[in-house]
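Protein chains get the first letters and strands the later ones, always in sequence-line order, with residue 1 at the start of each. Hydrogens, waters and symmetry mates are skipped; everything else that's a heavy atom, side chains included, is used. These numbers come from a predicted model, not from an experiment.
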Amino acid sequence: MTASIPDAAPCGTAYRARWKNLVPTRLSPCIPVPVYAVARQAGAGYQLDFAFLPLPETSMAPVKIDAALLDWYDRHARDLPWRTGPAARKRGARPDPYRVWLSEVMLQQTTVATVTPRYQRFLELFPTVEALAAAPVEAVLAEWAGLGYYARARNLHKCARAVAGEHGGNFPQTEEGLRALPGIGAYTAAAIAAIAFDEPAVVMDGNIERVMARLFAVETPLPDAKPVLRGHAASLTPDKRPGDYAQALMDLGATICTPRNPACVLCPLRGGCAAQALGIQGDLPRKKKKAAKPTRFGTVFHITRQSDGAVLLVRRPDKGLLGGMLAFPASEWGEKADPEPPVRTDWQIASESVRHTFTHFHLEMDVWQGQVGDELASKLEESLYGRWTDDPAGEGLPTVFRKVLKVLED
DNA sequence: AAGCCGGGGCT
DNA sequence: AGCCCAGGCTT
């Protein structure tokens with residue numbers, strides 16, 4: 001259903017649309033004919049019935065932000081595996097700090113949809129901080145494969161060992177104590193303190209920055225606006241239920257106060273939102289322009305052992321791109337250049353190359369396939385500190401190297 | 001303060 | 001296919 005709502009229509013005219021197709025300014029109070037909308041959840045999105053009717057009030061109405069938000073959260077909180085249910089919350093039950101920490105680290109730069117199944121699998125494999133601390137780091141990295149930002153996994157493991165070894169298996173309960181642990185920065189420390197330990201910490205993530213920029217119509221571009229937005233967030237953070245409050249703000253940012261096409265008609269804070277009253281909510285937060293990504297080139301070597309068809313993997317150095325992860329041997333990635341193969345053999349060059357985009361560059365990588373005999377295989381294994389595997393797809397390879405397997409399949 | 005780190009979803 | 005999104009660590 002892709003109907004668009006006109007700016008004006010006779011009273012009583014009704015429309016129906018998915019909220020994502022709406023232009024937010026049409027819903028601002030500036031329009032000649034007020035819009036009244038009733039929304040209900042439909043599948044993954046929202047279904048709206050629109051009617052053009054006169055509304056009694058179209059300007060900003062006083063809203064007690066934290067109360068309105070908690071009320072909305074009690075009715076609409078998403079049921080996520082790392083959350084305690086409403087019934088348990090009412091009994092005063094606190095969530096397991098280990099689970100809160102694990103979920104928050106996974107959720108850094110990663111969406112709920114991606115994290116949810118991976119979180120469940122991870123928790124089954126490493127159910128406690130002690131179990132995680134006892135595991136070899138290679139097992140943790142393999143389980144993290146495909147999630148990206150692999151320093152998170154190395155720091156997660158370091159942090160588990162610190163908590164298990166130096167804190168008797170218990171996470172520190174204050175922001176400062178948490179902040180001192182590997183992989184726990186300002187955001188994660190505040191989130192764990194609020195959610196697991198009921199501390200009124202000021203939680204700031206991208207979602208909350210966006211909500212604050214809109215609530216207070218902050219037009220300063222990010223990142224310059226960060227201190228101002230933090231000040232606004234601090235002014236609203238309640239002493240009661242700070243964990244629920246923080247999660248409510250993030251849920252609101254993820255589902256209603258979205259980066260594009262915010263669903264203001266569904267927003268419990270609509271009456272208190274300065275940007276919405278001005279009709280500029282879709283333009284906020286403003287951001288400084290980022291540099292364009294350059295393209296780098298390289299070659300990856302898929303080497304099979306003649307006797308059994310096993311494939312050679314290497315482990316990348318701990319520092320830098322894809323640090324500590326398993327990989328196929330590859331050239332340096334940079335300017336277009338003739339590759340230096342790790343061994344002389346009859347290379348087959350795959351007709352399709354691998355394309356992948358990292359945080360700050362595009363990569364275009366030729367795929368060379370070669371076979372070696374057992375003697376050469378042993379020499380290669382030694383000189384590259386490699387390992388032969390008969391199931392590369394099952395080894396926890398980062399996405400860029402999974403794409404190599406895909407290219408060779410075709 | 002600025003640059004280094006993946007990957008997935010939406011248009 | 002291109003654009004958007006976003007914490008922590010290092011230098």
Problem - Geometric cation-pi criterion, A/K293 with A/F361: 6.0 Å, 45° - result: no
Practice task
Could you say whether A/K288 or A/K319 is positioned toward the 5' end of DNA chain B, judged by the nucleotide with the nearest heavy atom to each?
Solution key: A/K288
Fill in the blank from the handout: Rounded to whole Å, NZ of A/K403 lies from P of B/dG7 at a distance of 8 Å
Handout entry: C1' gap between B/dG3 and C/dA6, integer Å
Key = 15 Å
Practice task
Please state how far atom CG in A/D224 lies from atom P in B/dA1, giving the value in whole angstrom units.
Solution key: 9 Å
Fill in the blank from the handout: Between A/K158 and A/P259, whichever has its closest DNA chain C nucleotide further toward 5' is A/P259
Practice task
Quick one: label A/A113 by what it contacts on the DNA or RNA (base, sugar-phosphate, nothing), any heavy atom closer than 4.0 Å.
Solution key: nothing
Practice task
Decide yes or no, distance alone: a donor-acceptor N/O pair under 3.5 angstrom between the base of C/dG7 and the side-chain of A/Q109.
Solution key: yes
Exercise for the section: Would you mind classifying the nucleic acid contact of A/P223 as base, sugar-phosphate or nothing, using non-hydrogen atoms under 4.0 angstrom? Expected result: nothing
Problem - Side-chain donor/acceptor contact of A/T359 with base of B/dG6 under 3.5 Å - result: yes
Problem - Phosphate contact (C/dA6 OP1 or OP2) by A/R210 side-chain N/O below 4.0 Å - result: yes
Problem - Residue mapping more 5' on DNA chain C - nearest nucleotide basis, A/N155 or A/N207 - result: A/N207
Fill in the blank from the handout: Against the side chain of A/A186, the closest entry in C/dC9, C/dG8, B/dG6 is C/dG8
Handout entry: Distance in angstrom units between A/F358 CZ and B/dC5 C1', rounded
Key = 10 Å
Exercise for the section: Establish, with yes or no, whether the OP1 or OP2 oxygen of B/dC5 is under 4.0 angstrom from a side-chain nitrogen or oxygen of A/H360. Expected result: yes
Problem - Length of the CZ-C1' vector between A/R154 and B/dG6, whole Å - result: 13 Å
Fill in the blank from the handout: ring-ring contact (aromatic ring centres under 6.0 Å, His included) with A/Y119: of A/W82, A/F126, A/W144, only one passes, and it is A/W82
Exercise for the section: Might you work through the ring-ring contact (aromatic ring centres under 6.0 Å, His included) test for A/W101 and A/F171, ending with a clear yes or no? Expected result: CA-CA 9 Å; A/W101 164 68; A/F171 281 85; 5.1 Å; yes
Handout entry: Separation between the P atoms of B/dG6 and C/dT11, rounded to whole Å
Key = 16 Å
Handout entry: No-hydrogen, no-angle side-chain donor-acceptor test under 3.5 Å, A/T188 and A/E104
Key = no
Practice task
May I ask you to check if A/R344 and A/W368 form a cation-pi contact, with NZ or CZ under 6.0 angstrom from the six-membered ring centre and within 45° of the axis?
Solution key: no
Practice task
Could you tell me whether the side chain of A/R83 reaches within less than 4.5 Å of the side chain of A/P81, counting heavy atoms only?
Solution key: no
Fill in the blank from the handout: When rounded to whole Å, the CZ to P distance for the pair A/R152 and C/dG7 reads 11 Å
Practice task
Using a 4.0 Å heavy-atom cut-off across all strands, classify A/Y149 as base, sugar-phosphate, or nothing.
Solution key: base
Exercise for the section: Check every strand shown and say whether A/L107 touches a base, only sugar-phosphate, or nothing at a heavy-atom separation below 4.0 Å. Expected result: nothing
Practice task
Could you check how far CZ of A/F361 sits from P of B/dC5, rounded to whole Å?
Solution key: 8 Å
Exercise for the section: Answer yes or no: does a side-chain N or O of A/Y150 lie under 4.0 Å from OP1 or OP2 of B/dG7? Expected result: yes
Fill in the blank from the handout: Separation of C/dA6 atom P from A/R260 atom CZ, nearest Å, is 11 Å
Practice task
Determine, stepwise, if the pair A/F358 / A/H356 fulfils ring-ring contact (aromatic ring centres under 6.0 Å, His included).
Solution key: CA-CA 7 Å; A/F358 291 102; A/H356 189 76; 4.8 Å; yes
Fill in the blank from the handout: 5'-most contact on DNA chain B (nearest-nucleotide basis), A/G320 vs A/T114, goes to A/G320
Fill in the blank from the handout: Winner on side-chain proximity to A/D205, out of C/dG7, B/dG7, B/dG6, is C/dG7
Exercise for the section: Taking only the side-chain heavy atoms of A/R179 (C-beta and beyond), determine which of C/dC9, C/dG7, B/dG7 contains the nearest atom. Expected result: C/dC9
Exercise for the section: Take atom NZ of A/K293 and atom C1' of C/dA6, then tell me their distance rounded to the nearest Å. Expected result: 11 Å
Exercise for the section: Please state whether the phosphate of C/dG7, meaning OP1 or OP2, lies under 4.0 angstrom from any side-chain nitrogen or oxygen of A/T188. Expected result: no
Problem - Distance, C1' atom - from B/dC5 to C/dC5, rounded to whole angstrom - result: 15 Å
